[in-house]
Amino acid sequence: MSDRPASPPIRIGEAEWIVMREVPDRPAGLVKYFAPSGAPAYFRCVTWAPRSEDRRLIGRFATLAEAERAVPGGRRSAAPATPGSADAWEHGQVPWDAAPRRSDRYA
């Protein structure tokens with residue numbers, strides 16, 4: 001891993017950011033803000049992949065900063081881990097209910 005500090009998220013849309021890590025020409029994660037009616041707002045964070053269906057959920061977070069910190073560093077691929085592998089949590093292949101989340105929006 002590099003000793004450089006992580007770059008801040010880069011805004012690419014009204015409510016969407018990419019997160020860069022050690023590979024300078026490929027994002028490591030994608031964060032999108034959701035504010036569903038009648039439910040708490042949250043930032044959904046996924047691993048980066050060119051095709052949406054290849055992205056893996058990292059979690060839902062109360063703040064953009066929490067979502068950014070959850071994106072793995074290093075030269076990890078967005079390719080799926082094999083089911084049941086010890087690395088499944090790192091690649092976001094966990095059931096939705098097991099993903100880290102916070103309901104306290106202002107913490």
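Since the model is a prediction, treat every value here as computed from it, not as a measurement.
- Annotation for Gly29 and Val71: closest pair N-CG1, 3.9 Å, computed over non-hydrogen atoms.
- By the side chain to side chain donor-acceptor pair (under 3.5 Å) test, Glu14 is found to be paired with no residue, residues two or more places apart in sequence or in another chain being considered.
- Atoms CH2 and CD1, from Trp17 and Ile12 in turn, are 10.0 Å apart once rounded to the nearest 0.5 Å.
- Rounded to the nearest 0.5 angstrom, Arg44 CZ and Ile58 CD1 are separated by 10.5 Å.
- Annotation for Glu66 and Ala62: closest pair OE1-N, 3.1 Å, computed over non-hydrogen atoms.
- Pro9 is not listed as a side-chain neighbour of Val31, based on a closest heavy-atom distance of 4.5 Å or more.
- Residues Thr63 and Phe43 share a closest heavy-atom pair of C-CD1, 3.4 Å.
- Taking the six-membered ring where the residue is Trp, Tyr42 and Phe34 present parallel rings, their angle staying beneath 30° rather than reaching 60°.
- Residues Arg55 and Trp48 have side chains in contact (heavy-atom distance under 4.5 Å, counting atoms from C-beta outward).
- The two residues Cys45 and Phe61 come nearest to each other via the heavy atoms CB-CE1, 3.9 Å.
- Between Glu68 and Arg21 there is a salt bridge, since a side-chain N of the basic residue sits under 4.0 Å from a carboxylate O of the acidic one.
- Between Ala28 and Pro72 the shortest heavy-atom distance is CB-O, 4.1 Å.
- Interatomic distance, CZ of Arg69 versus CG of Leu64, reported as 9.5 Å (0.5 Å rounding).
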